[in-house]
Amino acid sequence: MRCSHSYLTRINVVATIALAWIIFASIAPVACSQDATTPSYKPGDVQTQASRVYVFVDKTGLGHQHGVEAKLLSSRLELGADQNAGKLTFDMNSFDADTQAARKYVGLQGTTDEGTRSAVNNNMKGSAILNVAQYPTATFDVASAIATGQTGSDGLPIYELKGNFTLHGTTHPLEFSVEVEQTRGWLHVRGNFVIKQTSFGITPYSKAFGAIGVADSLKIYGDLFVAPTANVAMSDIPTRQ
């Protein structure tokens, strides 16, 4: 028995619709999952997954130099703003001594064994030093982040950040310079500043009557990725792929 042309056409249409539905059903959960897990950033938001803070800890006597790696909690930095330029929140519980990344970033050679790292972390986060149980965050309230009109040795524009830094329950004014470049659509912001632990009510670690210890001064590096804002002309920021 012959099937009519119209009958075969209807079968083909039904089969095509069924196949399309099967394909859509198989890919829809993946697409929804990707949309649900993709972060949505607003101008000035810091990408906390990639951003890091590094600290160089010098030694006294027979002590050891250390590099510390830390993360930020939800933070904002609006480059070009002359007031209310954001707030950086440091996660003190994330401080991790002598990671490979930290030692490399602050210019230290070699590695540190896990036992030593654990001991340093316990001392650093304990009640005698950072006391992270009582002070789980430190903050830099950024009053302004203005372009200086100058560039660094590598040609990157320099911005001056001013505000108040709070650590261990104590607040002091802070200002320092950062250099900025574009990286994959983000503003890559890097700079550093120096503080004294004693200025924030922290007694630097020492033992053996001071024969072994760490220096009072800490050099703190910020390596941040920030969503662009309307205050910054992206055409003025060099790009690195």
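Just so you know, these numbers come straight off a predicted model, no measurement behind them.
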>> Run I158 and E179 through side chain to side chain contact (heavy atoms under 4.5 Å, CB included) and show every step you take.
In response: CA-CA 5 Å; I158 296 175; E179 293 188 350; 4.1 Å; yes
>> With side chain to side chain contact (heavy atoms under 4.5 Å, CB included) as the criterion, how do K219 and V106 come out once you've worked through the C-alpha distance, each side chain's angles and the decisive distance to 0.1 Å?
In response: CA-CA 9 Å; K219 190 170 187 177; V106 303; over 6 Å; no
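We find the CD-NZ distance between E78 and K42 to be 11.0 Å, quoted to the nearest 0.5 Å. R190 CZ to E181 CD: the interatomic distance, rounded to the nearest 0.5 Å, is 4.5 Å. In this structure, the separation between OG1 on T111 and CD on Q109 is 11.0 Å, given to the nearest 0.5 Å. Atom CG of L224 is separated from atom CG of L79 by 9.5 Å, given to the nearest 0.5 angstrom. Here the CG-OG distance, from D216 to S206, works out to 11.0 Å after rounding to the nearest 0.5 Å. The structure places CD1 of I146 at 9.5 Å from CD of Q83, a figure rounded to the nearest 0.5 Å.
Linking Ile, Leu, Val, Met, Phe, Trp and Tyr whenever their side-chain heavy atoms come within less than 4.5 Å puts Y41 and F225 in one cluster. Each of I220 and Y54 belongs to its own hydrophobic cluster when Ile, Leu, Val, Met, Phe, Trp and Tyr are linked at side-chain heavy-atom distances under 4.5 angstrom. Side-chain heavy atoms closer than 4.5 Å link hydrophobic residues (I, L, V, M, F, W, Y) into clusters, and following such links, even through other members, never connects F56 to L130. Put simply, I129 and V120 are part of two different groups of oily side chains (I, L, V, M, F, W, Y) that touch within less than 4.5 Å, one to the next. If you chain together hydrophobic residues whose side chains sit under 4.5 Å apart, V226 and L156 never meet in one group.
Taking the six-membered ring for Trp, F90 and F95 have ring centres at least 6.0 Å apart.
Looking at S74 and T89, their side chains never come closer than 4.5 Å, going by heavy atoms from C-beta outward. Taking the side chain as every heavy atom from C-beta outward, Q65 and D58 approach each other to under 4.5 Å. Using a 4.5 Å heavy-atom cutoff, the side chains of H172 and F200 are in contact. Residues D98 and H64 fail the side-chain proximity criterion, which asks for heavy atoms closer than 4.5 Å. Contact of the L218 side chain with the V57 side chain is registered, since non-hydrogen atoms from C-beta on lie closer than 4.5 Å. Here the side chains of D96 and N121 are in contact, with some heavy-atom distance below 4.5 Å. In this structure, the side chains of I202 and L167 come closer than 4.5 Å at one or more pairs of heavy atoms.
By the 6.0 Å contact criterion, NZ on K71 is open, its count of non-hydrogen atoms from other residues, nucleotides or ligands being 12 or less. Heavy-atom neighbours of H168 NE2 from other residues, nucleotides or ligands within 6.0 Å: above the threshold of 12.
Here the closest heavy-atom approach between residue L88 and residue R76 is recorded as CD2-O, 3.7 Å. Counting all heavy atoms, side chain and backbone alike, E114 lies closest to R117 at OE1-NH1, 2.8 Å. Taking every heavy atom of both residues into account, L72 and S75 meet most closely at CB-OG, 3.9 Å. Across Y159 and G80, no two heavy atoms sit closer than the pair CE2-N, 3.8 Å. A pairwise comparison of heavy atoms in G185 and P228 identifies O-CG, 3.4 Å as the closest pair. Across all their heavy atoms, G191 and V178 have their closest contact at CA-CG1, 3.9 Å.
Side-chain atoms of E69 do not come within 3.5 Å of backbone N or O of S94 as any donor-acceptor pair.
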Tell me which donor-acceptor pairs under 3.5 Å the side chains of residues 230-238 have, and how far apart each pair is, sequence neighbours excluded?
none

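Using cut-offs of 30° and 60° for the angle between ring planes, the F176 and F140 rings count as tilted.
Salt-bridge check for K162 with E160: failed, with every basic side-chain N at 4.0 Å or more from each acidic carboxylate O. Salt-bridge annotation for R52 and D223: absent, with no side-chain N of the basic residue lying under 4.0 Å from a carboxylate O of the acidic one.
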